[in-house]
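Before any comments, here is the structure.
Reminder, nothing fancy here: chain letters follow the sequence lines and each chain counts from 1. Everything numeric here is computed off the predicted structure, so don't read it as measured data. Every heavy atom of this structure was used, including side-chain atoms; hydrogens, water molecules and symmetry mates were not.
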2 protein chains.
Amino acid sequence: MSLQHAILGFLSSKPMSGYDLKKIFDQSVRHFWPANQSQIYRELSRLTENGLVQQEVIQREDRLDKKLYHITAAGRDELHQWISTPLPPQDYRDPALIQVHFGSRMNDEELIALLKHELTGLEEARNQFAAMYEMYQRLLAQQQGRSDLFFSILTLEYGILTNQATLKWVRSMLERLESGVYDPLSYDELTI
Amino acid sequence: MSLQHAILGFLSSKPMSGYDLKKIFDQSVRHFWPANQSQIYRELSRLTENGLVQQEVIQREDRLDKKLYHITAAGRDELHQWISTPLPPQDYRDPALIQVHFGSRMNDEELIALLKHELTGLEEARNQFAAMYEMYQRLLAQQQGRSDLFFSILTLEYGILTNQATLKWVRSMLERLESGVYDPLSYDELTI
DNA sequence: CTGTCCATGTAAGGCGTTACATGATTGT
DNA sequence: ACAATCATGTAACGCCTTACATGGACAG
């Protein structure tokens, strides 16, 4: 139900079309909840059926119709209920960890190449996060208090911190594999 | 295809039944690839159809039949190919971050309660990781080199590091919300 | 006699991905 | 002319979840 509630969240600021929603998803929550176009249209249909949003058809002479979705009172209740209710522990899935787990089926060369590839991806993500963070900080400076922008920054912080932790991990694996010292990390090295 | 390859990975050590696989998944890779029983049986059927594993039926007088799955030569090739091929960047999804992102739709009390709940879950996870890590370290001390156990420990390290990063994040959000200081983290605080 | 372990499966439904389908407007 | 942007949807497929279904052995 997360996608439906994310959509309700965006519509709670202002009415939007499916197209608008796709854009705002890509710009703001993609790093923790990617959504594609067909999903968004499907969920909008379901939300409409369930009375949580209402469709307004905007007819335009020169262009195709545009459909604006408005959140209803029931939708606002549902959104508030959901965002303030603790979630059950979530499953985590990462195929790269399966590769590491069966690392003994590879030779050093293959394994090191794999990890270097991971490293490159993590560094790219780090740079993107850093650029977004700087931009958001600049925007926040022009506001104050407990704004939507502040909460956006919080989710970015999460991305940055876990990215850093993962970078640290991949680098330490590379060091160990390249030096041939197959030791686990110490308590100190594991403590952030 | 990750689940199929994880199954091939386990079967590359020794033949197992679906039941055995479910147990070993829960004991070793659950923290990065949970699998349930019905998935495992379905993937075993597919792997058999595709000639990557072979079924051996063990008849037992007193009990129900047991089906042991053996990896085939084709299965070993496929496993090696997959584990040594870099993966495309993976999507990450976490509904708790949607809740944080729309944090302005909650009051401080609700938000703080939510984060404290998150904190409790993270602390439980940390304790479980710590217990596993200690046990694995003790086992590793009786071995040497580049063993399967070493790679298991690597994946645990990942779990511990990201758990620590997330704990740090949740604690810092609680501090800020409780003190009413809505500032982003500094560069120093974000660097691990 | 109740619960846990051993052991294997099916069915239904939800969510996500990819590809397909259509078509106008605006900028280079 | 061509690409990008605006704009809305459908279809097929795959993976994951939950629940259902069955049944013997063994321990407390």
Side-chain angles (χ1 to χ4, degrees), chain A residues 1-8 15-27 29-50 53 55-69 82 87-95 98, chain B residues 1-8 15-27 29-50 53 55-69 82 87-95 98:
Chain A
M1 309 273 90
S2 305
L3 178 55
Q4 287 191 29
H5 291 96
I7 290 173
L8 287 176
M16 292 186 208
S17 67
Y19 188 81
D20 296 334
L21 282 164
K22 170 61 177 156
K23 271 192 303 180
I24 206 167
F25 263 85
D26 286 349
Q27 285 162 20
V29 300
R30 185 186 218 167
H31 59 109
F32 58 85
W33 207 279
N36 62 37
Q37 182 248 51
S38 52
Q39 270 180 292
I40 288 171
Y41 284 109
R42 194 177 39 192
E43 297 311 326
L44 281 172
S45 304
R46 288 189 196 166
L47 287 167
T48 306
E49 269 175 49
N50 297 328
V53 306
Q55 202 185 58
E56 175 197 6
V57 181
I58 311 268
Q59 274 156 355
R60 295 174 300 183
E61 309 133 13
D62 46 345
R63 295 227 205 160
L64 289 177
D65 284 3
K66 177 177 185 149
K67 291 174 189 166
L68 273 192
Y69 293 86
W82 186 84
L87 295 159
Q90 296 297 307
D91 281 342
Y92 177 75
R93 275 191 176 83
D94 188 343
I98 299 179
Chain B
M1 309 273 90
S2 306
L3 179 55
Q4 287 191 30
H5 291 97
I7 291 173
L8 288 175
M16 293 185 209
S17 66
Y19 188 82
D20 296 334
L21 282 164
K22 171 60 178 156
K23 271 192 304 180
I24 206 168
F25 264 83
D26 285 350
Q27 284 162 21
V29 299
R30 184 187 220 168
H31 59 108
F32 57 85
W33 207 277
N36 62 38
Q37 183 246 52
S38 53
Q39 271 181 290
I40 289 172
Y41 284 109
R42 180 164 30 100
E43 296 311 327
L44 282 172
S45 305
R46 288 189 196 167
L47 288 166
T48 306
E49 271 175 48
N50 297 329
V53 306
Q55 202 186 58
E56 176 197 6
V57 180
I58 311 270
Q59 274 156 354
R60 295 174 302 183
E61 311 132 11
D62 47 345
R63 297 228 206 157
L64 289 176
D65 284 2
K66 178 178 184 150
K67 292 175 189 167
L68 272 192
Y69 292 87
W82 186 84
L87 296 159
Q90 297 297 308
D91 281 342
Y92 177 76
R93 275 191 178 82
D94 189 343
I98 299 178

Contact check, side chains of A:Phe32 and A:Ser2, non-hydrogen atoms, under 4.5 Å: no
B:Arg93 CZ to D:dC15 P, in whole Å, measures 15 Å
Rounded to whole Å, CE of A:Met1 lies from P of C:dG14 at a distance of 8 Å
Does the side chain of B:Val53 come within less than 4.5 Å of B:Ile7's, by heavy atoms? no
Could you give the CD-to-C1' distance, from B:Gln55 to C:dT8, as a whole number of Å? 10 Å
Determine: side-chain N/O of A:Asn36 to OP1/OP2 of C:dT17, distance under 4.0 Å, yes or no. yes
Once you round it to whole Å, what is the distance between P of D:dG14 and CD of B:Glu49? 12 Å
Sugar-phosphate only, base, or nothing, as touched by A:Tyr69 at under 4.0 Å among non-hydrogen atoms: sugar-phosphate
I want to check something: taking the side chain as every heavy atom from C-beta on, are B:Tyr92 and A:Pro34 in contact at a cut-off of under 4.5 Å? no
Can you tell which of C:dA7, C:dC6, D:dT8 lies closest to the side chain of A:Lys66? D:dT8
In whole angstrom, what separates B:Phe25's CZ from C:dA7's P? 18 Å
Listed nucleotide nearest any side-chain atom of A:Asp20, set D:dA7, D:dC6, C:dG16: D:dA7
Kindly say whether, by distance alone, the side chain of A:Arg46 makes a donor-acceptor pair under 3.5 Å with the base of C:dG14? no
Rounded off to whole Å, could you give me the CG-to-P distance for the A:Leu68 and D:dC6 pair? 15 Å
From the options D:dT17, D:dG9, C:dT17, select the nucleotide whose nearest atom is closest to the side chain of B:Asp91. C:dT17
5' precedence on DNA chain C between B:Ser45 and A:Ser2 (nearest-nucleotide basis): B:Ser45
Short side-chain N/O contact from B:Lys22 to OP1 or OP2 of C:dT8, under 4.0 Å: no
Donor-acceptor pair, distance only, cut-off 3.5 Å: does the side chain of A:Gln39 make one with the backbone of A:Asn36? yes
Rounded to the Å, how far apart are A:Leu44 CG and D:dT10 C1'? 15 Å
Looking at B:Lys23, does any N or O in its side chain come under 4.0 Å of the phosphate oxygens OP1/OP2 on C:dA7? no
Think A:Tyr19 has a side-chain N or O under 4.0 angstrom from the OP1 or OP2 of D:dC6? yes
Check whether B:Lys66 reaches the backbone of B:Glu56 with its side chain - one donor and one acceptor, N or O, closer than 3.5 Å. no
Compare the minimum distances between each of D:dG9, C:dC15, C:dA7 and the side chain of B:Tyr41, then state the nucleotide with the smallest one. C:dA7
Heavy-atom donor-acceptor pair, A:Gln39 side-chain to C:dT17 base, under 3.5 Å: no
From D:dC16, D:dT10, D:dC15, pick the nucleotide closest to the side chain of A:Gln37? D:dT10
Could you tell me whether A:Ser38 contacts a base, only the sugar-phosphate backbone, or nothing, with contacts defined as non-hydrogen atoms closer than 4.0 Å? base
Atom-to-atom span, CZ of B:Arg42 to C1' of D:dT18 - whole angstrom: 13 Å
Quick one, B:Tyr69 and B:Asp20 - any side-chain contact, counting heavy atoms below 4.5 Å? no
